[in-house]
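All values below come from the heavy atoms of this structure, side chains included, with hydrogens, waters and symmetry mates left out.
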Amino acid sequence: MGMNARKRIYLDINPADRARLLASATAYAAGRRTYVVGAVSDVIAANAGRLDAAARETLADAIRPAADAGDSIDAPAWTRALTALETAAPDDADGLDGNAVDLRILLHCAFRHDMGGGAGLWTRLLEDPTVLDGQWRAIAARDLYEAGYAPDGAPEPPIQHLEPLGDAGDPAWADVYLALVGGGR
């Protein structure tokens with residue numbers, strides 16, 4: 001991940017992972033009425049042209065109910081994203097581009113949504129140490145630790161955390177946790 005003078009970040013991921021990140025973040029953010037809605041919708045709008053028609057339609061279908069709900073907090077942001085999905089000119093650029101803060105929020109939303117599901121995307125992203133920075137890794141490790149995904153004997157996350165809620169028992173997420181905190185099996 002590299003930063004340019006405009007404080008934008010480019011995340012080097014393939015088209016399928018890009019679509020999945022956006023879909024997971026959208027599913028997590030929908031209805032939250034917090035800053036995450038604006039961050040996720042802005043990244044979607046900035047990258048709408050990079051998505052294939054099927055991914056744009058899937059995201060539009062997920063966003064439309066929130067945009068149509070008329071919520072004074074969320075609807076304007078979702079409407080902007082929906083408009084971008086429906087009108088974006090094709091852009092064959094690779095990766096995912098966004099404001100550094102918005103992209104970090106999007107990654108956290110997608111991660112929180114995916115916890116407990118398949119860990120494959122996150123395992124792939126962690127293979128490149130430049131993709132997810134240390135702060136992101138610390139927060140994600142805390143989330144996994146508190147949800148019970150840290151294996152027995154693993155180091156605690158490097159930031160303040162609550163005690164685990166129990167053992168979630170998913171070895172794929174245990175491996176993601178160990179990768180985040182620098183431990184190994």
Got a donor-acceptor contact below 3.5 angstrom from the Trp173 side chain to the Gly117 backbone?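 Yes.
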Using atom types as modelled and distance alone, determine if a side-chain donor or acceptor of Asp74 lies under 3.5 Å from a backbone N or O of Arg33.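 Checked: pair present.
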Between [X] and [Y], is any pair of side-chain heavy atoms under 4.5 Å apart?
| X | Y | value |
| --- | --- | --- |
| Leu21 | Asp17 | no |
| Phe111 | Leu107 | no |
| Pro151 | Leu178 | yes |
| Val176 | Tyr149 | no |
| Glu86 | Glu57 | no |
| Ile73 | Val37 | no |
| Asp68 | Thr79 | no |
| Asp97 | Arg50 | yes |

Asp61 atom CG: more than 12 heavy-atom contacts under 6.0 Å: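 Check passes, neighbour count above 12.
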Of all the heavy-atom pairs spanning [X] and [Y], show the shortest one and how long it is.
| X | Y | result |
| --- | --- | --- |
| Trp78 | Ala66 | CD1-CB, 3.3 Å |
| Ala81 | Ala45 | CA-CB, 4.4 Å |
| Pro65 | Ala62 | CD-O, 3.6 Å |
| Ala48 | Ala88 | CB-CB, 3.6 Å |
| Arg56 | Leu51 | NH1-O, 2.5 Å |
| Asn47 | Val43 | ND2-O, 2.8 Å |

Say whether [X] and [Y] are linked into one hydrophobic cluster, either directly or through other cluster members, by side-chain heavy-atom distances under 4.5 angstrom.
| X | Y | value |
| --- | --- | --- |
| Leu106 | Leu132 | yes |
| Leu82 | Tyr28 | no |
| Tyr35 | Val101 | yes |
| Ile139 | Trp122 | no |
| Leu180 | Ile159 | no |

If a pair satisfies salt bridge (charged side-chain N to carboxylate O under 4.0 Å, His left out) and one of its residues is in residues 135-160, list it, with sequence neighbours excluded.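 Qualifying pairs, neighbours excluded: Arg112-Asp143.
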Show, in sequence, the C-alpha distance, side-chain angles and deciding distance for Asp114 and Leu121, and conclude whether the side-chain contact (heavy atoms from CB on, under 4.5 Å) test is met. CA-CA 9 Å; Asp114 289 352; Leu121 169 63; 4.1 Å; yes
In Å and rounded to the nearest 0.5 Å, what is the [atom1] to [atom2] distance from [X] to [Y]?
| X | Y | atom1 | atom2 | value |
| --- | --- | --- | --- | --- |
| Leu22 | Leu96 | CG | CG | 5.5 Å |
| Leu85 | Arg80 | CG | CZ | 13.0 Å |
| Thr26 | Leu59 | OG1 | CG | 5.0 Å |
| Asp102 | Cys109 | CG | SG | 10.5 Å |
| Arg18 | Asp52 | CZ | CG | 8.5 Å |
| Ile105 | Asp42 | CD1 | CG | 9.5 Å |

Could you walk me through whether Asp133 and Arg104 pass the side-chain contact (heavy atoms from CB on, under 4.5 Å) check? CA-CA 9 Å; Asp133 70 20; Arg104 181 181 302 225; 2.4 Å; yes
